[in-house]
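Here's the structure we're looking at; comments come further down.
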Amino acid sequence: MGFVFDPPEVTQVPVRGSDDAFPVREIYCVGRNYWEHRKEMGFEDRDPPFFFKKGRYSIVNCPDGGEASIPYAPQTGNFHHEIELVVAIGKEGFEIAKEDAGQYIFGYAVGIDMTRRDLQIKMREKGRPWDTGKNFEFGAPIGPITKASGPEPLTKGRIWLSVNDEMRQDADLEELIWSVSETIEDLSKYSRLYPGDLIYSGTPAGVGPVVAGDVMKGGVDGLGEITVRVT
Ligand code: MN
């Protein structure tokens with residue numbers, strides 16, 4: 001049997017040092033996973049971080065040594081950058097213990113969780129889902145995936161983002177409230193994880209707006225850098 005129209009193309013992210021690509025399944029994101037960012041968003045509580053999702057149409061591949069571009073998102077006047085470590089899942093698992101989490105990680109990438117902050121806050125105030133603030137086309141730029149070098153999940157390394165060469169976010173993965181292992185443990189209680197899933201693990205402090213013409217550069221130690229122009 002055929003299809004009534006062409007099925008969507010597979011969303012993919014290149015794997016560094018390989019001719020193969022990582023096919024993307026689901027895109028999970030962690031909210032408020034660094035203390036200083038929690039504070040700048042107006043929260044001092046110790047509630048556990050939480051999850052939201054983006055669609056595959058969010059993915060924008062950023063080539064090594066090159067520049068990607070994204071349009072200024074529609075319906076916002078406060079379009080924010082959130083630099084994040086992205087964890088790429090390579091194995092199916094449900095209720096994964098944090099001690100075992102490393103076995104489920106294929107690799108890591110540098111990503112930006114672009115956010116329509118005005119819409120997100122409006123929805124937050126009304127107790128509504130964050131989708132319009134977080135989930136939109138071209139909202140998740142990502143660099144090539146670097147394969148994990150061993151079974152132990154990443155726990156440290158500088159994570160940073162500049163806008164027009166001015167440093168805006170500069171922190172270390174050590175400051176994650178929930179580590180990569182703990183995030184996988186918790187997320188996998190709610191959702192079975194599959195190869196192809198990506199987890200944007202949360203952003204450190206220093207989020208802020210970009211406008212058309214701005215150039216964001218971001219990186220995580222050992223995972224390369226990405227450059228994204230807003231058009
Ligand atoms: Mn985020």
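First listed ligand is number 1; within each ligand, the first listed atom is number 1. The chain is numbered in sequence order, starting from 1.
- By the 4.0 Å N-to-carboxylate-O rule, Lys217 lies too far from Glu166 to be salt-bridged with it.
- Around the Mn ion (ligand 1), the protein contributes the following N, O or S atoms at distances under 2.8 Å: Glu82 OE1, Glu84 OE2, Asp113 OD2.
- Note that Arg117 lies outside the cation-pi zone of Phe79, set by a 6.0 Å cut-off to the ring centre and a 45° limit from the axis.
- Taking the charged nitrogens against the carboxylate oxygens, Arg25 and Asp197 do have a contact shorter than 4.0 Å, which makes a salt bridge.
- Ring geometry for Trp130 against Phe50 counts as perpendicular: the plane angle is over 60°, on a 0 to 90° scale with 30° as the lower cut.
- Atom CD of Glu9 sits in a sparse spot, with 12 or fewer heavy atoms from other residues, nucleotides or ligands closer than 6.0 Å.
- Figure legend: cation-pi geometry between Lys54 and Phe136, with NZ or CZ positioned under 6.0 Å from the six-membered ring centre and within 45° of its axis.
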